[in-house]
Colleague: 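My structure is below; once you've seen it, I'll send some questions.
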Amino acid sequence: MSPARRRGCIEHVRRKFQVSERLACRVLGQHRSTQRKVPRGRDDEAALTADIIALAREYGRYGYRRITALLREAGWAVNVKRVERIWRREGLKVPQKQPKKGRLWLADGSCIRLRPERPNHVWSYDFVESRTHDGRKFRMLNLIDEFTRECLAIRISRKLQSTDVIDTLADQFILRGVPAHIRSDNGSEFIATAVRNWIRAVGAKTAYIEPGSPWENGYCESFNSKLRDELLNGEIFYSLREAEIVIERWRHHYNTKRPHSSLGYRPPAPEVVLWPASPPRAASPATPAVAAKPVMH
């Protein structure tokens, strides 16, 4: 007798004689485990698992919380606990991070810093170095808005000097306006007389960090670490042009798609959809008027 038929017999006896399942199984000589339904799971379990694995493969440095945010953006109505269960079942994990470094403190044990309060309040910028496949170095000038966490620009070149800093800032000033403060390191490119005079001339204030105090530029340092961890450490650039294209594509993804933990797992500058997609066209002479003014009596 098939398991389904045995379950049917037990259920028939139990209902006909109004006895418990335990007694019915004992009378018919069946084990009680034969009456338990095998859990089938949800119908979308396989599709959800496939999407989680695909996202984990594409974004190898994202944990299950960021993957959950990406799934919700893609249309999945799923909570973080279900994603975590599938994540652990499939053996997915983020590789071990770099060991933590000791924090440096000022002589008086304090760390006073200017905190952003609104968009365009504090911008910060810093340099990051990498290499192309032939071993030659190239530099990146990263500019971010500390309040929105948006990466405003990444300028890439073999050499970057104070004039490049001014050009990058000038482009963003034209597009977004002049910020109240600009925070930077104490490198020669940042504290050059030309840069300081130019920033002062456009109406912004400079905020240089203390030497040996990288945490005072924490927003930019955090962005630099994400750029290196999620892109630079896993890419081989065969030319400078290829680096420019790939890094700019990652910057667009970072601003519009990548969930940011400090923003409630929302991207810094998500893309918006304008509705209607195209402006309404004027009616042709043969088209009757749709809405006429009411006649007042």
Side-chain angles (χ1 to χ4, degrees), residues 54-62 66-67 69-70 73-74 119-120 122-179 182-185 187 189-190 195 217-263 265-274:
L55 290 173
R57 185 180 295 113
E58 183 176 1
Y59 307 111
R61 301 299 305 178
Y62 289 6
R66 281 198 174 88
I67 296 297
L70 292 176
E73 183 181 351
N120 277 6
V122 182
W123 289 3
S124 61
Y125 57 112
D126 197 7
F127 281 146
V128 173
E129 287 189 354
S130 188
R131 295 177 182 270
T132 49
H133 184 60
D134 56 5
R136 298 177 60 192
K137 289 184 179 180
F138 67 89
R139 306 187 79 189
M140 291 160 281
L141 175 63
N142 301 335
L143 175 64
I144 67 169
D145 187 320
E146 293 190 358
F147 184 83
T148 63
R149 309 298 202 277
E150 181 182 2
C151 177
L152 307 180
I154 299 179
R155 181 155 184 166
I156 303 173
S157 182
R158 292 294 182 183
K159 294 182 180 180
L160 290 172
Q161 300 176 350
S162 59
T163 54
D164 300 298
V165 175
I166 294 176
D167 290 343
T168 303
L169 293 176
D171 292 341
Q172 296 305 314
F173 287 178
I174 295 173
L175 293 175
R176 304 171 182 268
V178 180
I182 299 178
R183 193 196 314 272
S184 67
D185 200 347
E189 304 88 350
F190 301 120
V195 175
N217 200 11
Y219 294 102
C220 207
E221 292 291 341
S222 175
F223 173 82
N224 293 345
S225 67
K226 292 180 177 64
L227 171 63
R228 187 170 298 280
D229 184 52
E230 298 176 8
L231 180 67
L232 300 180
N233 288 346
E235 290 285 344
I236 298 177
F237 303 115
Y238 292 96
S239 66
L240 188 64
R241 182 56 181 165
E242 180 185 8
E244 292 176 351
I245 295 174
V246 174
I247 293 173
E248 177 61 24
R249 185 184 305 164
W250 182 87
R251 186 187 74 88
H252 182 266
H253 168 79
Y254 177 88
N255 288 335
T256 60
K257 298 292 184 183
R258 183 187 183 278
H260 204 295
S261 58
S262 63
L263 300 177
Y265 288 97
R266 294 188 299 270
E271 292 179 331
V272 297
V273 179
L274 299 180

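Model, not experiment: these values are computed from the prediction. In this chain, residues are counted from 1 in sequence order.
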Colleague: Is there a donor-acceptor pair closer than 3.5 Å between any side-chain N or O of Asn120 and the backbone N or O of Arg176?
Modeller: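 Such a contact is found between Asn120 side chain and Arg176 backbone.
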Colleague: Determine whether a donor-acceptor pair (N or O, by modelled atom type, separation under 3.5 Å) exists between the side chain of Asn255 and the backbone of Pro268.
Modeller: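 Side chain of Asn255 to backbone of Pro268, a donor-acceptor pair under 3.5 Å: no, none is there.
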Colleague: Do the ring centers of Trp250 and Phe223 come within less than 6.0 Å of each other?
Modeller: yes
Colleague: Working to the nearest 0.5 angstrom, can you tell me the gap between Cys220 SG and Trp123 CH2?
Modeller: 13.0 Å
Colleague: Tell me, with the steps shown, if Tyr125 and Thr168 meet side-chain contact (heavy atoms from CB on, under 4.5 Å).
Modeller: CA-CA 10 Å; Tyr125 57 112; Thr168 303; over 6 Å; no
Colleague: Would you call Asn142 and Asp126 a side-chain contact if the rule is heavy atoms closer than 4.5 Å?
Modeller: no
Colleague: Check the angle between the aromatic planes of Tyr59 and His253 and answer parallel, tilted or perpendicular using the 30° and 60° thresholds.
Modeller: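 Ring orientation of Tyr59 relative to His253: parallel.
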Colleague: Does the side chain of Asp167 reach to within under 4.5 Å of the side chain of Arg155, using non-hydrogen atoms?
Modeller: yes
Colleague: Under 4.5 Å between any side-chain heavy atoms of Leu55 and Tyr62, yes or no?
Modeller: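 Heavy-atom side-chain distance check fails, nothing below 4.5 Å.
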Colleague: Minimum heavy-atom separation for Lys159 to Asp164, with atom names?
Modeller: O-OD2, 3.8 Å
Colleague: Please check if the side chain of Arg158 supplies one atom and the backbone of Lys137 the other of a donor-acceptor pair under 3.5 Å.
Modeller: yes
Colleague: What do the steps show when you test Glu73 against Lys257 for side-chain contact (heavy atoms from CB on, under 4.5 Å), and what is the final call?
Modeller: CA-CA 9 Å; Glu73 183 181 351; Lys257 298 292 184 183; 3.5 Å; yes
Colleague: Determine whether a donor-acceptor pair (N or O, by modelled atom type, separation under 3.5 Å) exists between the side chain of Arg136 and the backbone of Ser239.
Modeller: no
Colleague: Do side-chain atoms of Asp145 reach the backbone of Glu150 as a donor and acceptor pair under 3.5 angstrom?
Modeller: no
Colleague: Test side-chain contact (heavy atoms from CB on, under 4.5 Å) on Ser225 and Glu221 and set out the steps.
Modeller: CA-CA 6 Å; Ser225 67; Glu221 292 291 341; over 6 Å; no
Colleague: If I compare all heavy atoms of Ile247 with all of Phe237, which pair ends up nearest, and what's the gap?
Modeller: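 Between these two residues, the closest heavy atoms are CG1-CZ, 4.2 Å.
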Colleague: Does any part of the side chain of Thr256, heavy atoms only, come nearer than 4.5 Å to the side chain of Pro267, both counted from C-beta?
Modeller: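 No, too far: nothing below the 4.5 Å cut-off.
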Colleague: Determine yes or no for a side-chain-to-main-chain donor-acceptor pair under 3.5 angstrom, with Arg251 supplying the side chain and Leu152 the backbone.
Modeller: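 Yes; judged by distance alone, with no hydrogens or angles, the pair exists.
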Colleague: Might you point out which heavy atoms bring Met140 and Leu160 nearest each other, and give the distance in Å?
Modeller: C-CD1, 4.0 Å
Colleague: Distance check, rounded to the nearest 0.5 Å: Tyr254 atom OH versus Cys151 atom SG?
Modeller: 7.5 Å
